[in-house]
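The first residue of the sequence shown is numbered 1, and numbering continues consecutively from there. Computed from a prediction, not measured in an experiment: that's the story for all the values here.
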Amino acid sequence: MTELKELFVSFVDTGNGILWGSVLVYLLIGLGLYFTVRTRFIQFRHFGHMFKLMAVSRTGADGGISSFQAFSTSLAARVGTGNMAGVAVAIYLGGPGAVFWMWMTALVGMATSFVESTLAQVYKVPNKDNTYRGGPAYYIERGLGQRWLGILFAICLIVAFGLAFNGVQSNSIAAAMHTAFGMDQSYVGIALVVIVTPIIYGGMRSVARVAELIVPFMAIGYLAVALVVVAMNITELPSVIATIVKSALGLEQAAGGAMGYAVAQAMMQGIKRGLFSNEAGMGSAPNAAATASTKPNHPAAQGYVQMLGVFIDTIVICTATAAIILLSGHLESGSGLNGIALTQAALVSQVGDWGAAFVAIAILLFAFTSIIANYSYGESNIEYIFESKAAIRFYRVAVLAMVYIGAVLDLPVVWSFADLSMGMMAIINLIAIGLLSGVAFMVLRDYEEQRKAGKDPIFDRTKFPKLDKQLDKDVW
């Protein structure tokens, strides 16, 4: 039995090393650059348009899930402990320059997010509860005609997001509550199960409503504290920004002869943590994007809104964490501080002891919203495979069990397997959106032409005969 376990661990570690060490990074960055060029730098050309669409995103749902609710659900999943602990790890291992490469990754990832979220809208299907379902599994089957590959993607997502990562998030909450307030982790696990149960049993609309309420509040609260820290150290801000850029480009290390290694470390850590945080190209956010009734009534509209999610997650929230750490002066070699401990120590040094409790509460909100959003991703894919209420009921019980188990146990092998599952689903999704990207570009051209003509864009499927045959007859 021990030998089998060691073999499994070796297999998982090797798989993660290959996927996350090279293959995924090159695929994600390469496709992101390709999408950026093919959309004619949409994330820069139409930066202001994202905010205009966000201003009307709470309307037009007609009893379904609004564009803003879908945005909040995807942001709930994106914004998790990685925005605090992950950023700290990137800076600790890669230096301040890692922040610069996180920014670059996010800017490129915005184009990828547009493509995958637009495809999710194009190929979405209606659901009995007056909402929609969709995502990579659906556009793989309808766009590429490969249901088996859609099922494989769905299984990987259910294992990674629906189950394992929910255990990771509850473990983060329980550990933070124990450290900050001395709470017993088993009691925290029970409390989480009690709170999560009515939300997930309420279905996708329940998840969307809760995300809509909590996500803006938690994001604004965290940013407000970061801005206070920046204001307290405003005179040091220019030098911190200069340090980030110089470190990223190796200018500070050039004199010491360690330029190449330092730049490589900063790039690797910044790109990996950036991709892990904003999830652009992973195939997770499209599951939320597909549920929206968009305004205007066009698939590209949700593509723009989801681009904004990548921007907020990495450029805004991750930068807030980086500012707290770099302005505090706690990034010292030999300090032994890393991960969430580094973020907590940095904030405490700026605002006092209440900073540790604030980080614990922030982790609670960030991780809690990730749990319910991850659940919704899994539900959509369970429905794709089984179309059975019994399967949904079993899945809900399994999710609640993982929430409790994650709170009381640290299961590194399970978490590593989840990373492997997520890596596999990302590979499948990236291949799919690469093959289907022509559809997204065609839809974008239609949207832009209507705007140029002074019209409020409306998607007319009959203008695209080949695509028309692939779409559900009750959508668009």
Please report the C-alpha distance between Asp446 and His298 in whole Å, then the side-chain angles of each, then the deciding distance to 0.1 Å, and finally whether the side-chain contact (heavy atoms from CB on, under 4.5 Å) criterion is met.
CA-CA 9 Å; Asp446 177 63; His298 197 287; 2.8 Å; yes

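- A donor-acceptor pair shorter than 3.5 Å cannot be found between the side chains of Thr73 and Tyr377.
- For Asp474, the CG atom counts as densely surrounded, since its 6.0 Å shell holds more than 12 non-hydrogen atoms of other residues, nucleotides or ligands.
- Residues Tyr138 and Ser380 come closest through the heavy atom pair OH-O, 3.1 Å.
- Looking only at side-chain heavy atoms (C-beta outward), Ile158 and Ile385 come within less than 4.5 Å of each other.
- Taking all atoms of both residues into account, the shortest heavy-atom contact from Met307 to Ala111 is SD-N, 4.5 Å.
- When the salt bridge (Lys or Arg N to Asp or Glu O under 4.0 Å) test is applied to Arg445, no partner is found at least two apart in sequence or on another chain.
- Contact annotation: the side chain of Arg38 never approaches that of Ser437 to less than 4.5 Å [non-hydrogen atoms, C-beta and beyond].
- For Ala231, there are no side chain to side chain contact (heavy atoms under 4.5 Å, CB included) partners two or more places apart in sequence or in a different chain.
- Taken to the nearest 0.5 Å, the CG atom of Leu107 stands 8.5 Å off from the OG1 atom of Thr36.
- If you take CE on Met110 and NE2 on His46, they are separated by 12.5 Å, rounding to the nearest 0.5 Å.
- The two residues Gln350 and Asn233 have their closest heavy-atom pair at OE1-ND2, 2.7 Å.
- Looking at residues two or more places apart in sequence or on another chain, you find a side chain to side chain donor-acceptor pair (under 3.5 Å) between Glu212 and Arg58, Gln69.
- Residue Met177 holds its CE atom at 5.0 Å from CG of Leu364, rounded to the nearest 0.5 Å.
- Using a 4.5 Å heavy-atom cutoff, the side chains of Leu157 and Asn287 are in contact.
- For Trp103, the side chain to side chain donor-acceptor pair (under 3.5 Å) partners two or more places apart in sequence, or in a different chain, are Thr319.
- Arg147 meets the salt bridge (Lys or Arg N to Asp or Glu O under 4.0 Å) test with Glu141; sequence neighbours excluded.
- One N or O on the side chain of Gln450 and one on the backbone of Ile458 form a donor-acceptor pair closer than 3.5 Å.
- With sequence neighbours left out, Tyr395 forms a ring-ring contact (aromatic ring centres under 6.0 Å, His included) with Tyr375.
- With contacts defined as side-chain heavy-atom distances shorter than 4.5 Å, the pair Asn381/Phe153 qualifies.
- At least one donor-acceptor pair under 3.5 Å links the side chain of Lys124 to the backbone N or O of Ala292.
- When side chains are defined from C-beta on, Tyr123 does not count as touching Ile140, because their heavy atoms never get closer than 4.5 Å.
- Nearest heavy atom pair, residue Ile173 against residue Ala367, reads CG1-CB, 3.4 Å.
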Working note: Met102 + Val87, criterion side-chain contact (heavy atoms from CB on, under 4.5 Å); need CA distance, chi angles, decisive distance, verdict.
CA-CA 9 Å; Met102 288 181 77; Val87 173; 3.9 Å; yes

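- Scored by the side chain to side chain donor-acceptor pair (under 3.5 Å) test, Gln169 finds no partners at all (sequence neighbours excluded).
- The salt bridge (Lys or Arg N to Asp or Glu O under 4.0 Å) test applied to Arg45 returns Glu448, not counting sequence neighbours.
- Just one of Thr112, Asp313, Thr314 meets the side chain to side chain donor-acceptor pair (under 3.5 Å) condition when paired with Asn278; it is Thr314.
- Separation of atoms CD1 (Ile325) and CD1 (Ile91) is listed at 4.5 Å; rounding is to 0.5 Å.
- Considering Phe114, Tyr304, Phe44 in turn, Tyr304 is the only one that fulfils the ring-ring contact (aromatic ring centres under 6.0 Å, His included) rule with His49.
- Between Phe358 and Val351 there is no side-chain heavy-atom pair separated by less than 4.5 Å.
- Side-chain atoms of Ser170 come within 3.5 Å of backbone atoms of Val403 as a donor-acceptor pair (strictly under, hydrogens ignored).
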Kindly list each side-chain donor-acceptor pair under 3.5 angstrom involving residues 186-204, sequence neighbours excluded, with atom names and distances?
{"residue": "Ser186", "atom": "OG", "partner": "Asp184", "partner atom": "OD1", "Å": "2.5"}
{"residue": "Thr197", "atom": "OG1", "partner": "Val193", "partner atom": "O", "Å": "2.5"}

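- Every salt bridge (Lys or Arg N to Asp or Glu O under 4.0 Å) that Asp472 has, sequence neighbours left out, goes to Arg142.
- Going from atom CD1 of Ile371 over to atom CE of Met402 covers 10.5 Å, rounded to the nearest 0.5 Å.
- Expressed to the nearest 0.5 Å, how far CG of Leu444 lies from CD1 of Ile42 amounts to 4.5 Å.
- Counting heavy atoms from C-beta outward, Tyr222 and Ile317 have side chains that approach closer than 4.5 Å.
- With Arg461 contributing its side chain and Val475 its backbone, the two residues share a donor-acceptor pair below 3.5 Å.
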Let me see the working for Arg78 and Ser113 under side-chain contact (heavy atoms from CB on, under 4.5 Å), right down to the final yes or no.
CA-CA 12 Å; Arg78 284 188 174 111; Ser113 184; 3.4 Å; yes

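- In terms of heavy-atom proximity, Gln185 sits nearest to Ala407 at NE2-O, 2.8 Å.
- Within the structure, salt bridge (charged side-chain N to carboxylate O under 4.0 Å, His left out) contacts touching residues 395-409 (residues at least two apart or in different chains) are Glu379-Arg396.
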Which is it for Phe68 and Val305 under the side-chain contact (heavy atoms from CB on, under 4.5 Å) test, yes or no, and what are the steps along the way?
CA-CA 8 Å; Phe68 182 76; Val305 170; over 6 Å; no

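- Closest approach of Phe366 to Met218, counting heavy atoms only: CD1-SD, 3.5 Å.
- Put simply, the side chain of Ser117 never gets that close to the backbone of Pro286: no donor and acceptor are under 3.5 Å apart.
- Asn429 places no side-chain N or O within 3.5 Å of a backbone atom of Met425 that could act as its donor or acceptor partner.
- Legend: ring pair (Phe, Tyr, Trp, His ring centres under 6.0 Å) pairs involving residues 164-184, not counting sequence neighbours, sorted by first then second residue: Phe161-Phe165.
- Proximity of Phe441 to Phe35: side-chain heavy atoms (C-beta onward) are separated by under 4.5 Å at one or more points.
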